[in-house]
Asks: 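Starting off with a structure, shown below.
We count residues from 1, following the sequence as given.
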Amino acid sequence: MGIDLDLERTYRLVVQIAERTGATLVGLLDELEQEAQKRKANADDAEKRKAEREEIFRTQLDPGMTALYEYLTKLVASLKVLQPKKKLHYTLIGYGEIVGYVEHDYELKVNQQPGSKEITLTYPCLIANEECPTVEVQGASKVRTVAGAFQRYHLGGLLEPKKDGSGDVISATFKAKGRIALTATFGADADSNGVKMTFVNFDSLGTATKTVAPAQLNESLFDDIGRYLTREASGLFQEALSDSYRVQLRTKVQQEQIKRRWESKISAQQKTELDQIKRDQSIAGKFGKMVGKDRPDAEKPADGSWLDRLKGLVGKKER
């Protein structure tokens, strides 16, 4: 708005100068007028886009998020009753595999603001200390790395640290224990025009994100979300492939198949030729030995091929 006021002041100043001096400044005034109209049009477009996003949030995102919250409420209620035993595996670099089991202590919250809504689901995974390895880490640097990873993910299990004369830890034994928090967050607002889903510590220690359009908020998506949260087979992160990409993949597969067939044919041909060479060499060797037996040792050439020796034998007989 400040820019428009500056442009308006400039416009008025130019008009005043033109009136006082009697100069003809039509070209400059036209340019200023056009710039003012352009800015007004851009402002109108921005307001229009904002209104459209607000309409999408009101008519699609907000109802869709409400339906998702209702779905998650029913899912959590069922899980608390059934309490299925879910074993989770995580890999921590420098330590190894961490094994844990889901605890059905769910916390489901929704935060509604004007023009935005956020749903959060959190539940813990209890680390099975007896199923986790006991790992001895040597070296101050490696100990710090593993200890830092344990601290980053709020894990316990640092045992028997050993220090050198200066007090630095030079070796330590680790055996994971504690709990890992799994958190799923679903956020939508009028500005983003979509739903951003964030999953922490599900497939691995870390964060995975996915964004879906308002039209995707349906029962099929809710089912994929539910399966993912309960660690069942889910298509949540399996993106649909476009037809053109499918054609590219199919063409690539066909090319690879043709390449493998030709490589197989060439390999078979090479093997056949190699076997033939071996047979020829074997026959030549046997024939050479036979020829050598019929000639005195003094007449045997010191070198040369079996064909040279055969020619010499034939020539001798003819003489």
Side-chain angles (χ1 to χ4, degrees), residues 72 75-76 79-80 83-109 111 118-187 192 195-212 224-239 252 256:
L72 293 175
L75 177 66
V76 166
L79 291 172
K80 286 182 177 180
Q83 299 208 358
K85 189 174 182 179
K86 291 293 179 181
K87 186 176 184 178
L88 305 184
H89 298 266
Y90 300 98
T91 300
L92 189 64
I93 297 177
Y95 173 74
E97 186 179 61
I98 296 175
V99 180
Y101 293 88
V102 170
E103 290 187 316
H104 299 283
D105 183 14
Y106 300 95
E107 183 179 7
L108 179 63
K109 298 186 296 183
N111 181 18
E118 183 179 81
I119 302 170
T120 304
L121 174 63
T122 303
Y123 56 95
C125 170
L126 177 64
I127 295 175
N129 178 256
E130 67 283 356
E131 297 184 42
C132 295
T134 300
V135 178
E136 184 177 356
V137 179
Q138 298 287 343
S141 178
K142 292 182 179 179
V143 170
R144 286 195 298 269
T145 298
V146 178
F150 268 59
Q151 184 177 11
R152 183 164 58 254
Y153 298 110
H154 308 289
L155 305 177
L158 172 60
L159 309 172
E160 303 175 6
K162 297 178 182 179
K163 300 181 180 181
D164 59 13
S166 61
D168 293 331
V169 177
I170 56 174
S171 70
T173 301
F174 293 87
K175 188 174 179 64
K177 67 178 182 179
R179 285 178 170 80
I180 297 174
L182 285 77
T183 304
T185 305
F186 309 87
S192 61
V195 178
K196 182 179 180 180
M197 302 184 290
T198 304
F199 302 93
V200 180
N201 299 335
F202 279 83
D203 290 321
S204 62
L205 292 172
T207 302
T209 60
K210 180 182 177 69
T211 301
V212 297
D224 281 337
I225 291 173
R227 292 179 181 276
Y228 186 80
L229 294 175
T230 55
R231 313 315 298 135
E232 299 288 346
S234 169
L236 185 62
F237 283 92
Q238 295 178 0
E239 301 294 340
K252 185 175 181 181
E256 289 294 329

Asks: With a 4.5 Å heavy-atom cut-off, do Tyr153 and Ile98 have their side chains touching?
Replies: no
Asks: If you compare all heavy atoms of Asp105 against all heavy atoms of Pro124, which two are closest, and at what distance to 0.1 Å?
Replies: O-CD, 3.4 Å
Asks: Minimum heavy-atom separation for Thr183 to Phe202, with atom names?
Replies: O-CE1, 3.4 Å
Asks: With a 4.5 Å heavy-atom cut-off, do Leu229 and Leu79 have their side chains touching?
Replies: no
Asks: Using a 3.5 Å cut-off and no angle test, enumerate the donor-acceptor pairs between side-chain atoms of residues 135-149 and protein atoms at least two apart in sequence or in another chain.
Replies:
unit_1	atom_1	unit_2	atom_2	d
Glu136	OE2	Gln138	NE2	2.7
Thr145	OG1	Ser141	O	3.0

Asks: I want to check something: taking the side chain as every heavy atom from C-beta on, are Leu236 and Arg227 in contact at a cut-off of under 4.5 Å?
Replies: no
Asks: Just verifying a value: how many Å separate Glu107 CD and Thr120 OG1, rounded to the nearest 0.5 Å?
Replies: 8.5 Å
Asks: What's the spacing between Lys163 NZ and Ile170 CD1 if we round to 0.5 Å?
Replies: 11.0 Å
Asks: Just by distance, do the side chain of Tyr90 and the backbone of Asn201 share a donor-acceptor pair under 3.5 Å?
Replies: yes
Asks: So, Asp203 and Arg231, do they make that salt bridge, N to O below 4.0 Å?
Replies: yes
Asks: Taking all non-hydrogen atoms of both residues into account, name the closest pair between Cys132 and Ile127 and its distance.
Replies: SG-CG2, 3.7 Å
Asks: Could you state the interatomic distance from CD (Glu103) to NZ (Lys86), rounded to the nearest 0.5 Å?
Replies: 16.0 Å
Asks: Parallel, tilted or perpendicular: which describes the rings of His104 and Tyr106, with under 30° parallel and over 60° perpendicular?
Replies: tilted
Asks: Would a 4.5 Å heavy-atom cut-off, applied to side chains only, mark Asn111 and Lys109 as touching?
Replies: no
Asks: Nearest heavy-atom pair of Ala128 and Tyr101: which atoms, and what distance?
Replies: CB-CE1, 3.8 Å
Asks: Could you grab the distance from atom CD1 of Ile180 to atom CG of Leu155, nearest 0.5 Å is fine?
Replies: 5.5 Å
Asks: When you compare the side chain of Leu75 with that of Leu121, does any pair of heavy atoms fall below 4.5 Å?
Replies: no
Asks: Kindly give the heavy-atom pair with the smallest separation between Gly235 and Asp224, and that separation in Å.
Replies: N-OD1, 3.6 Å
Asks: Within a radius of less than 6.0 Å around CD of Glu160, do more than 12 heavy atoms belonging to other residues, nucleotides or ligands occur?
Replies: no
Asks: Out of curiosity, Phe174 CZ to Thr134 OG1, how far, rounded to the nearest 0.5 Å?
Replies: 12.0 Å
Asks: The test is side-chain hydrogen bond (donor to acceptor under 3.5 Å, both in side chains); show your working for His89 and Glu97 and say whether it passes.
Replies: CA-CA 7 Å; His89 298 266; Glu97 186 179 61; 3.2 Å; yes
Asks: If you take all heavy atoms of Phe237 and Thr209, which pair is closest and at what distance?
Replies: CE2-O, 3.5 Å
Asks: Do Lys196 and Glu118 sit within salt-bridge range, that is, some charged N less than 4.0 Å from a carboxylate O?
Replies: no
Asks: Quick one: sort the Phe150 and Tyr95 rings into parallel, tilted or perpendicular, breaks at 30° and 60°.
Replies: perpendicular
Asks: Return the set of residues passing salt bridge (Lys or Arg N to Asp or Glu O under 4.0 Å) with Glu131 (not counting sequence neighbours), or none when no residue passes.
Replies: Lys87
Asks: With a 3.5 Å distance limit and no angle check, can you tell me whether Asn129 reaches the backbone of Ala176 through a side-chain donor-acceptor pair?
Replies: yes
